Each structure stands twice: as C-alpha cells, then as structure tokens.
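The model shown is predicted, which means the values in this text are computed figures rather than measured ones. Side-chain atoms are counted along with the backbone in the values below, which use heavy atoms only and exclude waters and symmetry mates.
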Amino acid sequence: QEEAFTGGEELGMILTRRRLADEWMRKRLKSKVVHLPFEQAVEMVRAIGRWESREEWFEWLDMGEGSNAYIPSNPEEYYGGRG
C-alpha cells in the first residue's frame, strides 16, 4: 500500500531544486557571452577542419548544426572591433 503524499521534506526538496534551477537560469541569461581569443579560435577551427571558407561556415550554421560555445557565430563581427 502506497503512502499518500503529504508534502514535508519531499515538497521542500522539489521547491529547493526548482528555485536553484531558476536562479541558475537567470544568472546564465544575464551573463555576458565570452568567446576564445582570436588566435585560439582560429586554432580550434583549423583543428576541426570542417570549413574551407566563410560561406561554408554560414551554410553549416544555417543547416541547424549550431554554433560552438567558444567560437562566435559571426567571427568578423565579434573580433572586428577588438583590434
């Protein structure tokens, strides 16, 4: 015979887990995106070896493959103003 849910410790754990997840998401959404320095990004892209040109990079993004967290989806725009 199963015991009925009465709240207590179980409810407290559920609410705490939810609160922590919400706090994490808020911090993540507010945080500034930081990518690799240009030289390291170039090394990483060359090591992957998937793209031969700017056009291939954007085609890959358009196919829904997604961008890399360490490399900006538009490197010219991101690194262009950084000297």
Would F58 and N74 satisfy side-chain contact (heavy atoms from CB on, under 4.5 Å), going step by step from the backbone distance to the final call? CA-CA 8 Å; F58 284 110; N74 191 338; 4.0 Å; yes
Would you tabulate the side-chain donor-acceptor contacts of residues 12-21 under 3.5 Å, counting partners in other chains and residues two or more places apart, or write 'none'?
from, atom 1, to, atom 2, distance (Å)
T16, OG1, G12, O, 2.8
R18, NE, D22, OD1, 3.3
R18, NE, D22, OD2, 3.4
R19, NH1, E23, OE2, 2.9

Ignoring hydrogens and angles, write down the donor-acceptor pairs under 3.5 Å from the side chains of residues 35-43, residues two or more places apart or on other chains.
from, atom 1, to, atom 2, distance (Å)
H35, ND1, A69, O, 3.3

d(L61 CG, W57 CH2) to nearest 0.5 Å is 5.5 Å
Taken in chain and number order and not counting sequence neighbours, the residues that satisfy side chain to side chain contact (heavy atoms under 4.5 Å, CB included) with E52 are E56
